[in-house]
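One structure below.
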Amino acid sequence: MSRTRPIVAIDGPAGAGKSTVARRLADALGYVLVDTGAMYRAVALVAKREGVAWSDGPALGELARGLVAKKALSFERDPGLGVRVKLLRAPPEDGAREDISEAIRMPDIAQGASTVSAHGDVRSVLLELQQLAGRGGGVVLEGRDIGTVVFPDAEVKFFLTASADVRARRRHSELVAKGQTVTFEETLADVKQRDAQDEGRAVAPLKKADGAVLVDSTDLTFEETVAQMLEHVKRVSAT
Ligand code: DC
């Protein structure tokens, strides 16, 4: 193994439970957690606020480059949320940061992140950020292209999935628990639309990476899913 501690890559479709599972694995292993979806979500949110269209690839690339250059986005580990995301306020002179962790979890921003993430300009900027965060190992990264593009040489790769119906059911319960008024049918339609968009894009589409272990959690509890994955990481780490 080239690194002392492995890179654990978790990819899969929306609502498969990647965030919760990644958080639990990172805690159990004492690894850093990198939520790459939060980066795309943050770009979508800032674009919306600044009036940059989610369809405008070059302008979004510029915006993402600016955010990275100014170190305007920061990601902190949070026991409850997984990752807390903060944005440097504009103008940045006073260095104050706004907590955007809740704002980036809204359904319209989820959709925006999926749209924004189809642009190669945006992906190349965030790719660098993700590689920088993970290259030393001892890290769990979750997203859509970690095992295929960001770290094709990751020591441990998972493709975590579940049926669309089950994923929508889980997502719907989460949203309702947060007090949002959304129907199950709307959530299912969102999940399916995001799947189609994430799998169908030309740049870094969502797919199972070579060598990734497929984990289908449709009929597994959360604890069973985590146990299966943790066992695999430990087995690989021991070799
Ligand atoms: O995992 P998430 O729901 O927070 O991700 C939001 C969107 O960001 C998702 O629909 C696709 C995009 N994404 C991506 O294209 N590549 C990643 N590595 C992570 C997320």
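Atoms within each ligand, like the ligands themselves, are counted from 1 in listed order.
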Mind checking what makes side chain to side chain donor-acceptor pair (under 3.5 Å) contact with Ser217, not counting sequence neighbours?
Arg170
Among residues at least two apart in sequence or on other chains, which ones pass side chain to side chain donor-acceptor pair (under 3.5 Å) with Arg23?
none
Same cluster for Val149 and Ile7 if Ile/Leu/Val/Met/Phe/Trp/Tyr side chains link at under 4.5 Å?
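Yes; Ile7 is reachable from Val149 via cluster members.
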Determine, for Phe184 and Arg169, whether the Lys NZ or Arg CZ falls below 6.0 Å from the six-membered ring centre while staying within 45 degrees of the axis.
yes
What are the distances between nitrogen or oxygen atoms of ligand 1 and protein nitrogen or oxygen atoms, counting only those under 3.5 Å?
residue: ligand 1; atom: 1 (O); partner: Arg144; partner atom: NH1; Å: 2.8
residue: ligand 1; atom: 3 (O); partner: Arg41; partner atom: NH2; Å: 2.9
residue: ligand 1; atom: 3 (O); partner: Arg144; partner atom: NH2; Å: 3.4
residue: ligand 1; atom: 3 (O); partner: Arg194; partner atom: NH1; Å: 3.0
residue: ligand 1; atom: 4 (O); partner: Arg41; partner atom: NE; Å: 2.6
residue: ligand 1; atom: 4 (O); partner: Arg41; partner atom: NH2; Å: 3.3
residue: ligand 1; atom: 10 (O); partner: Arg194; partner atom: NH1; Å: 2.8
residue: ligand 1; atom: 10 (O); partner: Asp198; partner atom: OD1; Å: 3.4
residue: ligand 1; atom: 10 (O); partner: Asp198; partner atom: OD2; Å: 2.9
residue: ligand 1; atom: 15 (O); partner: Ser117; partner atom: OG; Å: 3.2
residue: ligand 1; atom: 15 (O); partner: Arg123; partner atom: NH1; Å: 2.8
residue: ligand 1; atom: 15 (O); partner: Arg123; partner atom: NH2; Å: 3.4
residue: ligand 1; atom: 15 (O); partner: Arg201; partner atom: NH1; Å: 2.8
residue: ligand 1; atom: 15 (O); partner: Arg201; partner atom: NH2; Å: 3.0
residue: ligand 1; atom: 16 (N); partner: Arg123; partner atom: NH2; Å: 3.0
residue: ligand 1; atom: 18 (N); partner: Thr36; partner atom: OG1; Å: 3.0
residue: ligand 1; atom: 18 (N); partner: Arg144; partner atom: N; Å: 3.1
residue: ligand 1; atom: 18 (N); partner: Asp145; partner atom: OD1; Å: 2.9

Going by the salt bridge (Lys or Arg N to Asp or Glu O under 4.0 Å) test, which pairs reach into residues 181-195, not counting sequence neighbours?
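Counting only pairs at least two positions apart or across chains, the salt bridge (Lys or Arg N to Asp or Glu O under 4.0 Å) contacts touching residues 181-195 are Arg167-Asp195.
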If we ignore hydrogens and angles and just use 3.5 Å, is the side chain of Arg97 paired with the main-chain N or O of Val85 as donor and acceptor?
no
